[in-house]
**Q** 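Encoded as structure tokens, here's the structure I'll be asking about.
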Amino acid sequence: MKVVEETPYRFRIEREGAMRVPGIVFASHGLLPDVHGDKALVQVANVATLPGIVRASFAMPDVHWGYGFPIGGVAATDVEAGGVVSPGGVGFDISCGVRLLVAPDLDRVGLMPRLQAVMDRLDHAIPRGMGQKGVWRLLDRASLRRVLEGGARYAVEQGHGVPRDLDRCEDRGVLAGADGAAVGDRALERGLGQVGSLGSGNHFLEVQVVDQVYDAGTAARMGGLRQGSVCVMIHCGSRGLGHQVCTDHVRQMDKAMGRYGIVVPDRQLACTPVRSPEGEAYLAAMTAAANYGRANRQLLTEAVRRVLTAEVGTSLDLVYDISHNLAKLEVHDVDGRRRSLCVHRKGATRSLPPHHPDLPGDLAEVGQPVLIPGTMGTASYVLAGVADNPAFCSTAHGAGRVQSRHQAARGTSGRALRSQLETQGILVRGVSWRGLAEEKPEAYKDIDAVADISQRAGLARKVARLVPLGVVKG
DNA sequence: ATGTAC
């Protein structure tokens, strides 16, 4: 594999063999995965072989190895030119994403005396960990279907939230084209008892404080963010339902691929044309799972609001809710032509520029808020979309693992990690010691570098840096 | 990420 530095923070994997386009990696020398030893770059090159892919197979600054596609990967295919959709390009946690809330009238100083009590209440109020738990326990499939087709909008219609929340959700809280009937029976079964739950792994709910502001005007317009503002960040996805949808459709596409004459270098890249029965079935089910993920974050929002209202008497305003595991049908200019594309973002955040028609009016001047969650002991970022993003309006989604879960847990005690975090003033409410150890900050890349390189590479610009005060984890 | 394999 030949990798050349095109411009600062932009590396090109030369097209060779079956690659239809080059690979483009946005990174510093420090963040760039090892050209000889790291499987992530091989995956970037593999994705470049997909039928219909346009411009390049992109990797964000937090890229790392994943199932078929790298995590931190972006690939767009031309729908009218036989372009494919691939479940591996979305990932198992369909519509995994981040939601940021801000307390309009509470700062760090006001919260500190009540932080312990707030964390104890959240510990009780936030369902998490493996298995069947949730704010809602749906009794029948008809109501689950309303979640799948109505997303966060359905939750708000049921009284769980306020209409303004929807203005600050990607797609106003519901992605069109969902078909509850396209979701398999096993997926439905797994989804019934998990609506309004965090899950485990890197998912979290954090009470945070703004510790740095890079653009005060933008931070204010996004929702009154200023240094010292208390925030709540929720990072979770579509739980077992999304996982099962991915599993079902990878299997289906793996069997069907041959009929379309598609050959891929890795079976985990199983795909079929967007315009095929299998492609359309996957998109209908994926969209339903995405709506489940949005309803999930909406319900958790209401659970946190109840806690903060009761304990400190503050409300919470939604800054934004954005997915980082999704394939979307979008129109982009490619080589001077408007083209209908299937944009896969897997561990990559959509990042719309100012004045994009999909932004709510009050964000038109500043661009889309981009939410990048970090790790427990470090920081998270708010960025804003910029014009002329080279990667179909996408940027990084998190710190990006450098150690596997197994590596991270080996020789690390969850208890010791919690004590260390509490010494730093970060309260931890977990349910699994091993789960905690797997998420130690050292298992991840440097989030400050990821945000910085996202900005230097022209993917987004920094608005604010948030640090955790309390962590609720599965 | 995930009823951590069917």
Side-chain angles (χ1 to χ4, degrees), chain A residues 40 43 62-73 86-99 127-134 137-138 183-195 197-205 234-252 254-255 267-268 285-286 289-290 292-294 296-297 300 322-327 344-349 373-376 397-410 414 430-440 443-444 472-474:
Chain A
Q43 292 186 318
D62 54 337
V63 67
H64 58 113
W65 177 83
Y67 178 89
F69 286 60
I71 296 162
S86 173
V90 171
F92 278 87
D93 195 2
I94 294 166
S95 196
C96 180
V98 183
R99 170 175 284 226
R128 59 202 195 274
M130 299 285 285
Q132 300 284 311
K133 292 164 219 173
R137 187 163 292 271
L138 298 172
V183 176
D185 207 54
R186 274 177 102 178
L188 295 173
E189 195 58 46
R190 293 176 68 172
L192 276 169
Q194 298 183 322
V195 198
S197 68
L198 213 48
S200 54
N202 64 356
H203 289 165
F204 66 72
L205 186 151
I234 300 171
H235 176 206
C236 65
S238 53
R239 304 292 328 274
L241 183 139
H243 191 279
Q244 191 66 47
V245 166
C246 182
T247 303
D248 293 347
H249 289 265
V250 165
R251 191 172 300 148
Q252 234 179 66
D254 184 55
K255 281 194 290 194
R267 279 181 76 178
Q268 295 183 353
M286 181 214 72
Y292 183 98
R294 282 117 187 254
N296 191 18
R297 289 191 288 273
L300 288 170
I322 183 77
S323 304
H324 50 230
N325 283 4
L326 213 55
H344 301 72
R345 296 187 184 87
K346 179 188 192 179
T349 312
T375 60
M376 289 181 290
H397 87 303
R401 271 196 179 274
V402 287
Q403 287 178 18
S404 69
R405 293 181 185 289
H406 186 75
Q407 269 180 309
R410 190 166 49 212
V431 295
S432 152
W433 291 118
R434 178 173 172 107
L436 209 59
E438 289 175 348
E439 294 301 316
K440 66 179 179 185
Y444 286 87
V472 178
K473 280 200 77 76

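Throughout, protein chains are lettered first and strands after them, A, B, ... in sequence-line order, and every chain is numbered starting at 1.
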**Q** Report the residues that fulfil salt bridge (charged side-chain N to carboxylate O under 4.0 Å, His left out) with A:Arg186, sequence neighbours left out, ordered by chain and then residue number.
**A**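 Scan of A:Arg186 (salt bridge (charged side-chain N to carboxylate O under 4.0 Å, His left out), adjacent residues dropped) gives none.
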**Q** Please name all residues satisfying side chain to side chain contact (heavy atoms under 4.5 Å, CB included) with A:Arg434, sequence neighbours left out, ordered by chain then number.
**A**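 If we apply the side chain to side chain contact (heavy atoms under 4.5 Å, CB included) test to A:Arg434, skipping adjacent residues, the hits are A:His406, A:Ala409, A:Ser432, A:Glu438.
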**Q** Give the rounded distance in Å between these two atoms: OH of A:Tyr67 and P of B:dA5.
**A**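 Spelled out: OH on A:Tyr67 to P on B:dA5 is 14 Å.
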**Q** How many whole angstroms separate atom CD1 of A:Ile71 from atom C1' of B:dT2?
**A**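 From A:Ile71 CD1 to B:dT2 C1': 13 Å.
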**Q** Grab the NE2-P distance between A:His249 and B:dT2 for me, whole Å please.
**A**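 It is 19 Å, rounded to the nearest whole Å.
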**Q** Looking at every strand, decide which applies to A:Gln194 at a 4.0 Å heavy-atom threshold: base, sugar-phosphate, or nothing.
**A**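 Sugar-phosphate, no base atom in range.
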**Q** Could you pull out all residues at least two apart from A:Asp248 that satisfy salt bridge (charged side-chain N to carboxylate O under 4.0 Å, His left out)?
**A**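 Counting only residues at least two positions away or on another chain, A:Asp248 forms no salt bridge (charged side-chain N to carboxylate O under 4.0 Å, His left out).
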**Q** How would you list, by chain and number, every residue that makes a side chain to side chain donor-acceptor pair (under 3.5 Å) with A:Arg410, sequence neighbours excluded?
**A**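 For A:Arg410, no residue satisfies side chain to side chain donor-acceptor pair (under 3.5 Å) once neighbours in sequence are set aside.
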**Q** Please determine whether a side-chain nitrogen or oxygen atom of A:Thr247 lies at a distance below 4.0 Å from atom OP1 or OP2 of B:dT2.
**A**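 So the side chain of A:Thr247 is outside the cut-off, no N or O lying under 4.0 Å from OP1 or OP2 of B:dT2.
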**Q** Which residues in residues 234-244 of chain A have a heavy atom closer than 4.0 Å to any atom of DNA chain B?
**A**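 When residues 234-244 of chain A is checked for heavy atoms under 4.0 Å from DNA chain B, the hits, listed by number, are A:Arg239, A:Gly240, A:His243, A:Gln244.
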**Q** Does any non-hydrogen side-chain atom of A:Glu439 lie less than 4.5 Å from one of A:Arg401?
**A**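 Counting from C-beta outward, A:Arg401 and A:Glu439 do come under 4.5 Å.
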**Q** 5'-most contact on DNA chain B: A:Met130 or A:Phe92, nearest heavy atom basis?
**A**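 It is A:Phe92, whose closest nucleotide lies nearer the 5' terminus.
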**Q** How many whole angstroms separate atom CG of A:Asp248 from atom P of B:dT2?
**A**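 Spelled out: CG on A:Asp248 to P on B:dT2 is 16 Å.
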**Q** What pairs with A:His324 under ring-ring contact (aromatic ring centres under 6.0 Å, His included), at least two apart in sequence or on another chain?
**A**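 Partners of A:His324 by the ring-ring contact (aromatic ring centres under 6.0 Å, His included) criterion, ordered by chain and then number, come out as A:His235, A:His397.
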**Q** If you look at every strand shown and take non-hydrogen atoms under 4.0 Å, does A:Arg434 touch a base, only sugar-phosphate, or nothing?
**A**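 Since no nucleic acid heavy atom lies under 4.0 Å of A:Arg434, the category is nothing.
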**Q** A:Ile94 has an atom CD1; how far is it from atom C1' of B:dT2, in whole Å?
**A**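 Distance check: A:Ile94 CD1 to B:dT2 C1' gives 12 Å.
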**Q** Strictly distance-based, threshold 3.5 Å: is any side-chain N or O of A:Lys473 a donor or acceptor partner for the main-chain N or O of A:Phe204?
**A**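 No: the side chain of A:Lys473 does not pair with the backbone of A:Phe204.
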**Q** Whole angstrom is fine here: how far is it from CZ in A:Arg251 over to C1' in B:dT2?
**A**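 Result: 14 Å.
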**Q** For A:Leu198 and B:dT2, what is the distance between atoms CG and P respectively, to the nearest whole Å?
**A**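 One finds 9 Å between P of B:dT2 and CG of A:Leu198, rounded.
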